[in-house]
Amino acid sequence: MRTAAPQLLPIFRSDGQGRLLARVYLGNDRPASLAELSRELGLDDGGITREADRLERAGLMRSERVGRSRILYPNEESPYYPELYGLLLKGFGPATVIGPELGRIDGIERAFLFGSWAARYLGDSGRDPADIDVIAVGRPSQLAVVRVERALSERLGREVNVTVVAPEEWDAAASGFLRQVREGPLVAVQFVPDGEQA
Amino acid sequence: MSSEKLATLLAEGAIERVKEDRKAADLNLGSAESHLRSAEAVAADDSEGAFVLAYDAMRKAILAHMQANGFRVSARPGAHYRTGLYALSALDERGIDEHLAAFDDLRRLRNKSEYKAVRVEETDVAEAVVHARAILDAVKVDLS
């Protein structure tokens, strides 16, 4: 697993290690075997096994044997668990992955995560939410939005729902739904990754 | 036509074998043509309606291909989704993959516009018409 250090959060040994940790920590509702993780993340079998061993020895992950498969889980008993979860969420989670994709669509001015994933970003603990709810402010082509929803849902393994709102509707909080969204947890989606100039 | 991919869809129960029906296929090709013309005609006044027409033109073109070749999608929820799967397998050698993949995007947008108060824009209709035209022409060539 000789991948370069992750650009957004260069504190992990490699991007591969960061993504493995992120998949196991943020996808706890979809536990996967080492073989499945290696396919899903595009990492070689030997490298991912050594990485899993290292993380397990450090007490950051645990694994269970089911037949010949080794299923990986986050070790929620680890003293590092809450902070590491937060780092992975910010560095590799939906807001980070969604931003560049949405930023490529003409006509989207701003976007926010709302609902349960946004609550999670803001520190609310609890079960990992299933769907990822996004508000996009602007006037994009709806087909472009649907296309990005499909790509992101496949990439994140969760349904991504993007609700498009015209700027004046957003500014005026023109409906009960929008008022509710604006009063609830909101996380701004960054279109340009940290460290890059817009 | 990729018989291997179609065999997989048959084995999964996504599609079924039926008697070939060229007459039904021609009727659907005819209505696909009309829908596409109507979509272009009303796009400026009624983008929602035009979008549904363009989507249906696409769907009926694929349906015509199925009927002419003796297939139908199985009768359970998700029939439109499986229509798209059929098209991806049956028309994979016509060089229109981009348009075939768009069928599923159109399907999703049609559902969103029906159930989630999403406004379809005129640019969406214009794009849908391009995809529908490409698929309809490919089906016609395939069946000629």
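What you see is a predicted model, and the numbers here were worked out from it, not measured in a lab. Throughout, protein chains are lettered first and strands after them, A, B, ... in sequence-line order, and every chain is numbered starting at 1.
- Although no hydrogens or angles enter the test, the distance criterion places no donor-acceptor pair under 3.5 Å between the side chain of B:Asp124 and the main chain of A:Ser141.
- The neighbour count for A:Gln180 CD, taken as heavy atoms of other residues, nucleotides or ligands under 6.0 Å away, does not exceed 12.
- Residues A:Glu149 and B:Lys112 are in side-chain contact: their nearest non-hydrogen atoms beyond the backbone lie under 4.5 Å apart.
- Separating the CD atom in A:Gln142 from the CZ atom in B:Arg110 is a distance of 16.0 Å, to the nearest 0.5 Å.
- Around atom OH of A:Tyr80, no more than 12 heavy atoms belonging to other residues, nucleotides or ligands sit under 6.0 Å away.
- Within a 6.0 Å radius of CD in A:Glu168, more than 12 heavy atoms belonging to other residues, nucleotides or ligands are found.
- Here the closest non-hydrogen pair linking B:Asp105 and A:Val146 is O-CG1, 3.4 Å.
- Linking ILVMFWY side-chain heavy atoms closer than 4.5 Å, directly or via other members, places A:Leu37 and A:Val97 in a single hydrophobic cluster.
- Contact count versus chain A (heavy atoms, under 4.5 Å) is highest, among B:Asp104, B:Leu106, B:Val120, for B:Leu106.
- Within 6.0 Å of CZ on A:Arg68 lie no more than 12 heavy atoms contributed by other residues, nucleotides or ligands.
- Interface remark: of the candidates B:Glu121, B:Glu122, B:Arg119, B:Arg119 forms the most heavy-atom pairs closer than 4.5 Å to chain A.
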